[in-house]
Asks: 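First the structure, which I've put down as structure tokens, then a few questions once you've had a look.
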Amino acid sequence: MIKGLTKCFSITVVLVTAVMLFFLQACQSDEVSDAPQIGIRDSLPVLKTVGVSTLISDSGVIRYKMIAEEWFVYDKKTPTYWSFEKGLFIEKFDEAYHVEAFISCDTAYYYDQKRLWELRGRVFVKNQKGETFKTSLLFWDQAAHRIYSDQYMEIDGEEQDLSGYNFSSNEQMTDYIIHSSKGAFPLEEKEIAPPVEEILEEDVDTIKDNTH
């Protein structure tokens with residue numbers, strides 16, 4: 001649903017890193033600084049962005065909008081990852097720029113080497129069919145083209161409502177399965193036959209009428 005987002009982020013990280021390295025080298029001198037170290041490099045992010053609100057294009061057409069209060073990139077952690085500790089919201093637009101799907105969560109992590117998203121907290125997803133998914137933990141494996149969760153999941157749809165555990169789906173969240181499920185399903189309206197007693201009474205009345 002957010003195809004192309006990873007490529008856009010990767011380009012941004014490379015550009016920002018190059019600029020930072022350039023200025024760091026330009027500021028180096030032969031003098032030894034007596035200032036105390038502020039921390040271990042391995043625990044610090046290479047990129048910190050506050051108040052992120054950006055539009056993302058796909059093949060020259062704006063298709064996504066991403067909003068995040070904070071975005072950190074940790075390139076020295078094992079494994080390396082991006083963090084959105086204060087929430088992440090992504091909208092997907094159709095050709096007429098109408099919102100057709102969205103993702104919202106309290107916290108998000110993206111493990112770039114594994115191409116794996118981890119969404120936590122109040123996770124809400126709306127697919128292109130208008131179905132809404134609610135859970136507390138959701139994984140999106142871009143390498144395997146699979147979205148899954150072992151936590152409790154609620155699915156609100158136009159034709160049926162489901163809830164259960166061990167959710168697994170395609171990337172569009174339009175073809176999915178959920179185990180230990182329960183829910184409400186619509187029933188087709190059919191003409192209900194009258195009770196047998198009513199049929200017998202009608203037959204008796206007809207016989208009486210014919211005897212007169």
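If you're wondering where the values come from, they're calculated on a predicted model, not measured in any experiment.
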Asks: How far apart are the closest heavy atoms of Y165 and Q151, and which atoms are they?
Replies: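 Looks like CD2-C, 3.6 Å.
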
Asks: Please report the C-alpha distance between L138 and M153 in whole Å, then the side-chain angles of each, then the deciding distance to 0.1 Å, and finally whether the side-chain contact (heavy atoms from CB on, under 4.5 Å) criterion is met.
Replies: CA-CA 9 Å; L138 192 68; M153 169 82 73; 4.0 Å; yes

Asks: Can you see whether E118 engages Y110 through a side-chain donor-acceptor pair at a distance of less than 3.5 angstrom?
Replies: no

Asks: Would you say V99 and F93 make side-chain contact, with heavy atoms under 4.5 Å?
Replies: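 Contact flag for V99/F93 side chains = yes.
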
Asks: As an exercise, state the distance from OG of S168 to NE2 of H179, rounded to the nearest 0.5 Å.
Replies: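 Between S168 OG and H179 NE2, I get 7.5 Å after rounding to 0.5 Å.
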
Asks: What's the spacing between E171 CD and I147 CD1 if we round to 0.5 Å?
Replies: 6.5 Å

Asks: A108 and L88: which non-hydrogen atoms are nearest, and at how many Å?
Replies: CB-CD2, 3.9 Å

Asks: Let me have the donor-acceptor pairs involving side chains of residues 129-136, under 3.5 Å, with sequence neighbours excluded, atom names and distances please.
Replies:
{"residue": "E131", "atom": "OE1", "partner": "N127", "partner atom": "ND2", "Å": "2.9"}
{"residue": "E131", "atom": "OE2", "partner": "Y176", "partner atom": "OH", "Å": "2.9"}
{"residue": "T135", "atom": "OG1", "partner": "Y152", "partner atom": "O", "Å": "2.8"}

Asks: Identify whether L116 and Y109 are in the same connected component of the hydrophobic contact network (ILVMFWY, side-chain heavy atoms under 4.5 Å).
Replies: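 As far as the 4.5 Å side-chain criterion goes, Y109 and L116 are connected within one cluster.
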
Asks: When clusters are formed by joining ILVMFWY residues with side-chain heavy atoms under 4.5 Å apart, either directly or through shared neighbours, do V123 and M66 land in the same one?
Replies: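 Yes; M66 is reachable from V123 via cluster members.
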
Asks: Does I103 form a side-chain contact (heavy atoms from CB on, under 4.5 Å) with F124? I'd like the steps, not just the answer.
Replies: CA-CA 6 Å; I103 294 176; F124 296 89; over 6 Å; no

Asks: Output the distance between atom CD1 (I56) and atom CD1 (I90), rounded to the nearest 0.5 Å.
Replies: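 The CD1 atom of I56 sits 6.5 Å away from the CD1 atom of I90.
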
Asks: Report yes or no: do V52 and Y81 belong to one cluster of Ile/Leu/Val/Met/Phe/Trp/Tyr joined by side chain heavy-atom distances under 4.5 Å?
Replies: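 V52 and Y81: separate clusters.
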
Asks: I'd like to know if R146 pairs up with D141 as an ion pair, taking the criterion as any Lys NZ or Arg NE/NH1/NH2 lying under 4.0 Å from an Asp or Glu carboxylate oxygen.
Replies: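 No, this pair does not count.
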
Asks: Would I62 and Y97 count as a side-chain contact (heavy atoms from CB on, under 4.5 Å) here? Give the steps.
Replies: CA-CA 8 Å; I62 295 176; Y97 300 106; 4.0 Å; yes

Asks: Short question: side chain of S83, backbone of E85 - any donor-acceptor pair under 3.5 Å?
Replies: no

Asks: Just how far is it from atom NZ of K48 to atom CZ of F72, taken to the nearest 0.5 Å?
Replies: 4.0 Å

Asks: Atom OG in S53, atom CZ in F89: separation rounded to 0.5 Å?
Replies: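 Between atom OG of S53 and atom CZ of F89 there are 10.5 Å.
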
Asks: For the pair M173 and W140, evaluate side-chain contact (heavy atoms from CB on, under 4.5 Å) and give the outcome as yes or no after the intermediate values.
Replies: CA-CA 10 Å; M173 296 187 75; W140 176 19; over 6 Å; no

Asks: Output the distance between atom CZ (F84) and atom CD1 (I67), rounded to the nearest 0.5 Å.
Replies: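 Answer rounded to 0.5 Å: 12.5 Å.
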
Asks: Any idea which heavy atoms bring C105 and R120 closest together, and the distance?
Replies: CB-O, 3.7 Å

Asks: Listed by chain and number, what are the salt bridge (Lys or Arg N to Asp or Glu O under 4.0 Å) partners of E100, not counting sequence neighbours?
Replies: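 E100: salt bridge (Lys or Arg N to Asp or Glu O under 4.0 Å) contacts with R63, K92.
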
Asks: The criterion is side-chain contact (heavy atoms from CB on, under 4.5 Å); which residues satisfy it with D150, sequence neighbours excluded?
Replies: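 side-chain contact (heavy atoms from CB on, under 4.5 Å) check on D150 returns L137, N166.
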
Asks: What closest approach, in Å, do G87 and A68 show between heavy atoms, and which atom pair accounts for it?
Replies: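 Residues G87 and A68, closest heavy atoms: O-CB, 3.7 Å.
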
